[in-house]
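Excluded from the calculations below are hydrogen atoms, water molecules and symmetry mates; all remaining heavy atoms, backbone and side chain alike, are included. Chain letters run A, B, ... following the sequence lines, proteins first and then strands; every chain starts at 1.
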Amino acid sequence: MESTNFLWDLFGRNVWTVLAVISLPLLFVLVYALIAILAELKISAWIQERLGPMRTGPWGILQPVAEVIKLLQKEDITPDQSSKLLYNLAPFIIFTGAYAAFAVIPFSSAFVPAGIDVGLFYVFAIGSISAMGIVMGGWASNNKYSLMGAMRSISQLISYEIPAAMAILSVVVLTSSMNMQEISSMQSGGFWNWFIFGGPGGWSKLWVIPFTIGLTIIYFIASLAETNRVPFDIPEGESELVAGFHTEYSGMKFAMFFFAEYANMFVVSAILTTIFLGGWNSPFGDFLQGPWWGVFWFILKSFFIVLLQIWIRWTLPRFRVDQLMHVGWKVLLPLSFVCFVAISLFAMLN
Amino acid sequence: MGEIKRMDLEYSQLDSDRMRINVGPQHPSTHGVLRLEVEVDGEIVTEVVPHLGYLHRSFEKHCEKLNYQQIIPFIDRMDYISAMNNEWPYVMALEKMLDIKVPEKVEYIRVIVAELNRIANHQIAVATFGMDAGAFTPFLYYFRDREAIISILERLSGARLLYNYFRVGGMAADIYPGFKDDCLNVVKQVRKTNAEIMKLLIHNSIFIKRSANVGILTPEVAINYACSGPVLRGSGVAHDLRRDEPYSVYDRFDFEIPVGKGDVGVVGDCWNRNIVRVHEMEQSCRIIEQALAQMPETGDVKAMIPKRIKLPKGEVYMRTENPKGDLGFYIVSNGTDKPERMKARGTSFVNLSVIPEISKGYMFADLILILGSIDIVLGEVDR
Amino acid sequence: MGLLNRLDDPYEGGGIVLGKVEELLNWGRSKSDWYLHFGLACCAIEFMAMNASHFDFMRFGTIPRTSPRQADFIMVTGTVTFKMAERIKILYEQMAEPKYVISVGSCSNSGGPYWEHGYHVLKGVDRIIPVDVYIPGCPPRPEAFEEGMMQLQKKINQQAIFNKRKRIELEDSTKDESNKES
Amino acid sequence: MTAAEIFEKLGSEFGSAILSLTEEPATDSFITVDPAQLFDICHTLRDEESLLFDYMMSLSALDLGENLGVVYHLYSMTHRHKIVIKVSVSKENPVVPSVERIWRTADWHEREAYDLLGVKFDGHHNLIRILLPYDWEGYPLRKDYVTPDTYHDMKVPY
């Protein structure tokens, strides 16, 4: 395995390094989730001409910390009629699914937890694990709302995985690589070389740009659906299903769902950043380029996508189940096919 | 978009088990404490059985035990979103029996406060309808504007929600200086926000997809179920008591009656019921502007209030146009200062009874929208 | 609650460290109160106005939850009827400890205007579930909601978690002994 | 049409089933009819060309001491006229024909009248309590109703 991880170089190959490699993204996920929760609270407040939490620490910035402290103290209820093993396992599986995807995300040219060659494939495979967790949690709760939420969630995840996969496949066709680190490094040299603008190449790539931009949008929409965000938040649609598949969960187990949702948001944003928005590359060629600046650019871009998701969350109404399927199968999928064919042609001609 | 799309029930022959779900009495979108027992086949609603009475506060019993003035606060608590409009038919019924002619200024104040309250009511109705569809932000924009209306009514009556402002033969208090300017500012702001909501919510393509062609109520069914207000007008029937049986001074104003025209979807669907409310806010604004211009400067609003109300033997049924529809009071007097029997014909009670009829065969998510488009207040349903 | 078990064992009798930990735990609970809005009647509309932009209830760190499992306190806003009373009890029992109750408005405090002739009105929600904070008014003004919320936070901040746990353990152990004897 | 004209028209059709017409200054004019033929009368009221009472505003039941009365307030959307129909039945056997099949809105109104006053509507498809709990005893709006002391172990009086 090619070493793209500065920790291996620093400490050598031993157990401690493995632990460090694992815990670095975990630490990042926890800190990031707290920031994202605060951002969600604050941005929604600003959109709605409110102030948001103001009384927890200066300007309310300690709000997520208070929430975690509170959730730690809450009673952990396992419903009497539930299937106990599955019920208790589900939150961990969902979080595992979200967290495991971090293994292949290239944070910078010098740090990717595991630079495996089939990174994109791995992300998709591991993403399905959280679907399993959702259906486990929904079924084991022995609650009708949970069950309906879980069923909706599964059908939604499966339908939207296909357009998302098509979008990613097109990039794989262009790069002939599934290694996320390689894809990132291909896009160096300014934003013009990002895959949203057809990737590196001369003027001949001009006609393919509309298709790559279209694919970026398709992937973004599909990623909204995969993370159950508005307008695709049907599995937890408050107005119908109370709280969806996690209706029966309380305390820390509910917090796991909470964290997993925000972690998932980051994962899809990170993938979008890596394959379409140049990963850890600076948008201005060599300006502020380098391993440390890479982390900065990567997180900045991913956060921008996360903020976009939050913005949409507080602006749009939600779809109905059949309309969601309609959008997935009859609109996004054919469109992504068209883009895929066009990009394949382009790749063949070059 | 034109044709009626109703879910094909044929594939229920696939023989899947039906599930009975209880929506309510405590549920985020039942607008109170309504309980709907819903039978679903997968996602498709096959049967709806409403269970009422979770807010039955014995209104009619109280009316028989209390004297006529004391009843007004209880009427406020019926349809607590539009309390001003609620009090009106009651005091009008008593004025008719007592043969009181109220001063001109009182009539104008009544029109203005009732129309202001109608705007406030429709703001809540449209906002919560949007919320049922998942759009949370328009809800808050409307509530921001509603605060301005509430503060006018508060300065008039002293209460924010349940006003107790109408009196038999007059009002509890005169208008305050600067009332006209406040009203005109509200009218301006309501128009501005409505224009914004039109873009943000009403003509949002996701919202149209959700609410158009859903929960279609034909005019014949609506009349047979005695629906009224925006529910009936959304089905294309221009029935408005302010014009059909002009009471008070409504015959002096120039206003239109918006009906569902089917610009989007078909006449009688959720979208059309909802758009009627938005247009009605505009018409209320027009009425307020005209009433403010015509209102006499002087006049004692308390001049005709009788010291003690003792009705002659007899009975009267009086109805007015509430924001939700026809609100009627049937008062039977036995010659004392307490009614023998008083029956309130709750608008929401009647409008809600149509829900099992119009929600069968749609998706479960549609049921929530249909309920939201009818705009019920449980205080009035259960009384 | 495993964290708490480990915390109170080594520091018998309390102390500075324990006091600070307790403060932190109370701070977390008081500043992050998720509520289950039990909207029943008129007060629910006033509470909606309270939630909206003008008064912004979320400034206190509250978040509305629709599932009782995830809620910290229940807001009973409106008239409780007999038909509804049993549902309130069930929902209250479904909530996870620690849980609190705010009773809003005259009706749920005492029956309100329906106290005399309301044959179907429960005269006060405190007849079926324990209430922590009463907010008076018919309906209460938004300022009253704010005050009620602050009173609840004050109450949570003053709670002595470790002493309470010790007391409960003591009660449990005496109960066990009495069980053995019998 | 005025109440007198409607009274004449109904009288020519149903004869003795139409009992009386009351027109007093302090009262809406009303027609009292025999409950036995109520359903047919209502059917005529709705479908007769010159009447067309297609909109039922309200259905109220009331305690008249010895008897229970049911009052129908009708309105015509086409002709824009109103009429009030009244029937009264004894408290021992308070059975009134249901008009639910004529005006569907009467469904819930009749259930409410049954719930609060105990009028039994013959021919109603689902005559159960609507506002009060299904196991509630007595009819609260009757003048002789005594409020119970407890309901499901919860104290009723203050």
Name, in order of residue number, those residues of [range] that have a heavy atom at a distance of less than 4.5 Å from a heavy atom in chain A; otherwise write 'none'.
range                       : answer
residues 26-34 of chain C   : Trp27(C), Gly28(C), Arg29(C), Lys31(C), Ser32(C), Trp34(C)
residues 112-129 of chain C : none
residues 39-63 of chain C   : Asn51(C), Ala52(C), Ser53(C), Asp56(C), Met58(C), Arg59(C), Phe60(C), Gly61(C), Ile63(C)

Tell me the closest heavy-atom pair linking [X] and [Y], and the distance in Å.
X         : Y         : answer
Met325(A) : Gln156(A) : CE-N, 3.8 Å
Phe28(A)  : Ile299(A) : CE1-CD1, 3.6 Å
Ser269(A) : Ser302(A) : CB-O, 3.6 Å
Ala260(A) : Ala98(A)  : O-CB, 3.9 Å
Ala140(A) : Leu86(A)  : CB-CB, 3.7 Å
Ile135(C) : Pro140(C) : CG2-CB, 3.7 Å

- Is the number of heavy atoms from other residues, nucleotides or ligands within 6.0 Å of NZ (Lys84(A)) greater than 12?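 Count over threshold, so yes.
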
Within-4.5 Å side-chain heavy-atom neighbours: [X] and [Y]:
X        : Y        : answer
Lys74(A) : Pro98(C) : yes
Ser44(A) : Arg50(A) : yes
Trp59(A) : Met54(A) : yes

- Got a sec, which residues hit side chain to side chain contact (heavy atoms under 4.5 Å, CB included) with Leu38(A), two or more places apart in sequence or on another chain? Lys42(A), Ile61(A), Gln63(A), Pro64(A)

- Item | Test applied, ring-ring contact (aromatic ring centres under 6.0 Å, His included); reference residue, Tyr249(A); option that passes from Phe257(A), Phe254(A), Phe258(A) | Phe257(A)

- Query: Would you say the side-chain atoms of Tyr160(A) pair up with the backbone N or O of Ile221(A), donor to acceptor, closer than 3.5 Å?
  - Reply: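 A pair under 3.5 Å: no.
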
- Measure distances from Leu71(A) to the heavy atoms of chain C and classify the residue's part below 4.5 Å as side chain, backbone, both or neither.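 For Leu71(A), side-chain heavy atoms alone lie under 4.5 Å from chain C.
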
- Counting only heavy atoms closer than 4.5 Å, note whether Leu51(A) contacts chain C via side chain, backbone, both or neither. both

- Query: Rounded to the nearest 0.5 Å, how far does CG of Asn157(C) lie from CE of Met150(C)?
  - Reply: 13.0 Å

- Message: Looking only at heavy atoms and a cut-off of under 4.5 Å, which of Gln48(A), Glu49(A), Glu248(A) has the most pairs with chain C?
- Response: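 It is Glu248(A).
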
